[in-house]
Amino acid sequence: MSEALTLDSLTSFCLRKGFFYPSGRIYGGVRGFYDYGPLGAELRKEIIDDWWYFFVRRREDMVGIHGSIITHPKTWEASGHVESFYDYLVTCSKCGKDYRADHLLEDLGINVVSLSAESLSALIKEKGVKCPECGGELSEPAPFNLMFVTYLGPKRTRASETYLRPETAQLIFINFRDIYYTYGMKLPFGIAQIGKVFRNEISPRSFLFRLREFEQMEVEYFVNPNKMDECPYFDEVASLRVNILTAEQQEGGTNEHVVLTLEEAWKRGLIKSQWHAYWIGESIAWFKRIGLNVGRLRVREHVKSELAHYALQTFDIEYYFPFMGWKEIEGISNRGDYDLRRHQEFSGKSMEIEDDRSKFIPHVIEPSFGLERIILALLSDAYRVIEGRPVLSLHARVAPIKVAVLPLVSKPEFIKKARSIYVELKKHFTAIYSEKGTIGRRYVEVDEIGVPLAVTVDGETLENNTVTIRFRDTRAQARVPVDGLVEEINRLLKNWDSLAESVRAK
RNA sequence: GCGGCCGUAGUCUAGUUUGGUUAGGACGCCGGCCUGCCACGCCGGAGAACCCGGGUUCGAAUCCCGGCGGCCGCACCA
């Protein structure tokens with residue numbers, strides 16, 4: 001399974017071990033939805049807690065919010081989602097293929113002025129547009145919108161329509177003024193949020209990769225537009241070497257990234273602002289913290305055609321999945337002042353603030369992480385076969401279960417001692433206890449769900465009150481007293497990165 | 001959404017081409033033995049009417065239709 005980790009085998013592993021279940025599985029499942037199982041729920045919590053610590057709590061320039069999922073409908077008009085999320089589809093009556101009406105017209109060099117069903121229909125008729133595949137007649141344009149619609153109140157009328165949020169970002173923008181005026185933040189500063197978003201994808205696919213309901217972890221970082229190159233923390237990331245693939249390279253037909261430090265990438269103008277480069281660096285630093293193999297990450301710039309309506313420049317952090325190649329796990333956009341400006345227009349409330357004796361609408365750098373995609377990357381990275389045994393080699397920081405307690409043999413006195421240790425450890429760590437089958441088998445079972453440490457109660461324990469601590473990846477063992485075991489485990493988990501390779505990881 | 005392939009116990013799977021005895025196995029699970037430091041030792045047991053619905057037939061897991069779900073390709077991914 002490790003040599004050729006496939007999406008299928010990973011999906012089935014997650015189901016078998018209780019990381020994820022297809023939502024509504026007993027009824028046949030619903031496309032695009034997965035439920036977190038016991039291990040998945042713990043893994044998720046470790047990741048979001050660490051993200052929140054790293055991007056919010058430890059920083060002096062960041063605060064968090066937690067916005068509502070169903071949001072004032074105006075929000076999505078202002079953000080451009082009502083318009084941009086609305087596309088028109090035409091279907092060939094002969095071969096049944098679907099096309100986006102506007103793309104079809106643009107491909108034929110026809111200028112699309114407005115996106116209404118009537119105007120698109122008229123253009124198609126006027127220019128005699130046919131199916132590019134088979135030349136068949138095209139249907140009338142039918143609208144589809146990627147936002148989930150729901151209704152406020154009991155009546156299902158056009159006026160009561162609203163949407164489940166398709167991104168968390170807008171909740172930050174619509175709260176920006178209140179946060180600025182009530183919480184006393186000074187530029188530059190950021191607002192972070194973790195939460196569910198909903199997109200009615202036409203074709204959800206690839207397990208956790210494209211879901212209809214998923215979780216974002218986002219920062220909107222506000223900067224004086226005259227100070228986009230004045231990041232006081234830049235030194236922390238300047239020398240970080242990254243794999244970078246620019247729009248220019250891609251437009252020149254290359255798909256080979258180059259290795260540059262962030263400072264070089266910024267100074268050469270590949271990354272247009274220093275703040276943008278800084279947030280790319282912080283993102284990669286966090287991925288490293290949670291144990292992702294950063295050698296498998298690259299920073300790819302969006303080419304013009306894929307740039308979103310709001311973006312000045314966007315870089316995706318892509319992870320190289322063994323079964324599907326380079327895929328986005330985080331997007332870092334320079335959104336300029338687009339969002340605040342639009343909300344100013346639509347609300348009539350000024351979004352300008354004062355800094356350095358000038359008034360302006362701040363510009364925004366947005367690191368936007370897809371939680372489930374990160375989990376998929378972490379699991380793909382961690383699942384390996386070490387000397388013939390399956391091991392989920394997750395970093396101790398995110399491992400869903402931190403410690404297993406195992407009696408060497410299932411004699412009553414061993415069990416009694418092991419259980420009392422387990423009950424104590426469970427107050428401090430996610431822990432698991434098992435007495436079934438041979439000790440070797442139990443080690444393999446806990447290795448496979450990524451438990452970094454195993455405490456074994458053996459004959460010596462009963463004599464001198466010591467246990468062994470075994471390391472998952474190397475099977476190295478150390479004998480430690482039961483008194484102070486909690487402190488010792490804490491020390492090992494906290495210092496995971498600095499422990500000797502020979503005990504910690506292969 | 002379109003096209004191709006697919007859907008059998010908790011999991012993986014045999015059987016589907018050539019409809020027909022109690023749908024077979026492995027792992028897991030439960031009980032017992034073994035008291036073993038790195039899965040894969042022994043005995044016993046429970047568990048599927050074959051994704052859902054309809055049809056053809058004396059008879060369907062097996063053929064046909066629709067739905068749901070999965071994979072791949074196309075389109076889509078703001």
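Order of the sequence lines fixes the chain letters, A, B, ..., with proteins taken first and strands second; residue numbering starts at 1 for each chain.
Judged by distance alone with a 3.5 Å cut-off, a donor-acceptor contact links the side chain of A:Asp458 to the base of B:C37. Under 3.5 Å, the side chain of A:Tyr443 and the base of B:C37 form at least one donor-acceptor pair of N or O atoms. Under 3.5 Å, the side chain of A:Arg470 and the base of B:C38 form at least one donor-acceptor pair of N or O atoms. Side-chain atoms of A:Gln477 and base atoms of B:C38 include a donor and an acceptor less than 3.5 Å apart.
Heavy atoms of A:Arg31 sit under 4.0 angstrom from primed sugar atoms or phosphate atoms, though from no base atom. Within 4.0 Å of A:Phe207, counting heavy atoms only, lie sugar-phosphate atoms of the nucleic acid but no base atom. A:Asp447 comes within contact range of no nucleotide atom at all, as no heavy-atom separation falls under 4.0 Å. Nucleic acid contact class of A:Leu408 (heavy atoms, under 4.0 Å, all strands): base. In this structure, A:Ser206 reaches the sugar-phosphate backbone alone: every heavy-atom distance under 4.0 Å involves primed, P, OP1 or OP2 atoms, never a base. Nucleic acid contact for A:Lys17: none, since no nucleic acid atom lies under 4.0 Å from a heavy atom of the residue. Residue contacts shown for A:Arg25 are limited to sugar-phosphate atoms, with no base heavy atom under 4.0 Å away.
Both the sub-6.0 Å distance and the 45° axial angle are satisfied by A:Arg470 relative to the ring of A:Tyr443. At least one test fails for A:Arg296 against the ring of A:Tyr320: distance under 6.0 Å to the centre or angle within 45° of the axis.
B:G24 and B:C71: their P atoms are spaced 31 Å apart (whole Å). Using atom C1' as the reference point in both B:U62 and B:G20, the two lie 11 Å apart (nearest Å). Comparing B:C50 with B:G44, their P atoms sit 30 Å apart, to the nearest whole Å. For the C1' atoms, the distance from B:A48 to B:G1 is 34 Å, rounded to whole Å. Rounded to whole Å, the C1' atom of B:U8 lies 10 Å from the corresponding atom of B:C51. When the P atom is compared between B:C29 and B:G19, the two are found 40 Å apart, to the nearest whole Å. If you take atom C1' in B:A9 and the same atom in B:A61, they sit 14 Å apart, rounded to whole Å. B:C12 and B:U56: their P atoms are spaced 34 Å apart (whole Å).
When Watson-Crick and G-U wobble pairs are counted only if both distances are under 3.5 Å, B:C5 pairs with B:G70. Base-pair partner of B:C77: not found among the strands shown (Watson-Crick or G-U wobble, both distances under 3.5 Å). Here B:C50 sits opposite no nucleotide as a Watson-Crick or G-U wobble pair (both hydrogen-bonding atom distances under 3.5 Å).
Ring geometry for A:His81 against A:Trp76 counts as perpendicular: the plane angle is over 60°, on a 0 to 90° scale with 30° as the lower cut. A:Phe209 and A:Phe321 have perpendicular rings, their planes meeting at more than 60° on a 0 to 90° scale where under 30° would count as parallel. Between A:Phe148 and A:Phe198, the ring planes lie perpendicular to each other; the angle is over 60°, past the 30° to 60° tilted range. Below 30°, between 30° and 60°, or above 60°: for A:Tyr433 and A:Tyr422 the angle between ring planes is between 30° and 60°, a tilted geometry.
To the nearest angstrom, P of B:C77 lies 15 Å from CE of A:Met147. Atom P of nucleotide B:C40 and atom CD1 of A:Ile439 are separated by 12 Å, given to the nearest angstrom. Counting to the nearest Å, the P atom of B:G70 and the CG atom of A:Leu208 are 12 Å from each other. Residue A:Tyr27 contributes atom OH, which lies 15 Å from atom P of B:G69 at whole-angstrom precision. To the nearest angstrom, P of B:G3 lies 13 Å from CZ of A:Arg205. One atom, CD of A:Glu448, and another, C1' of B:U11, lie 12 Å apart when rounded to the nearest Å. A:Glu328 places its CD atom 15 Å from the C1' atom of B:C76, with the value rounded to the nearest Å. When rounded to the nearest whole Å, the span between NZ of A:Lys436 and P of B:C27 equals 13 Å.
Rounding to the nearest 0.5 angstrom, the gap separating the OH atom in A:Tyr34 from the CG atom in A:Leu15 is 9.0 Å.
Checking B:C37, B:A39, B:C77 against the side-chain heavy atoms of A:Arg210 singles out B:C77 as nearest. Each of B:U11, B:U35, B:G69 was ranked by its minimum atom distance to the side chain of A:Lys411; first place goes to B:U35. Side-chain atoms of A:Leu146 lie closest to B:C77 of the nucleotides B:C77, B:A75, B:C37. Side-chain proximity of A:Leu15 to the nucleotides B:C71, B:U11, B:A39 is greatest for B:U11.
Heavy-atom nearest nucleotides on RNA chain B were determined for A:Thr468 and for A:Glu445, and the one closer to the 5' end corresponds to A:Glu445.
No donor-acceptor contact under 3.5 angstrom links the side chains of A:His302 and A:Gln313, judged on distance only.
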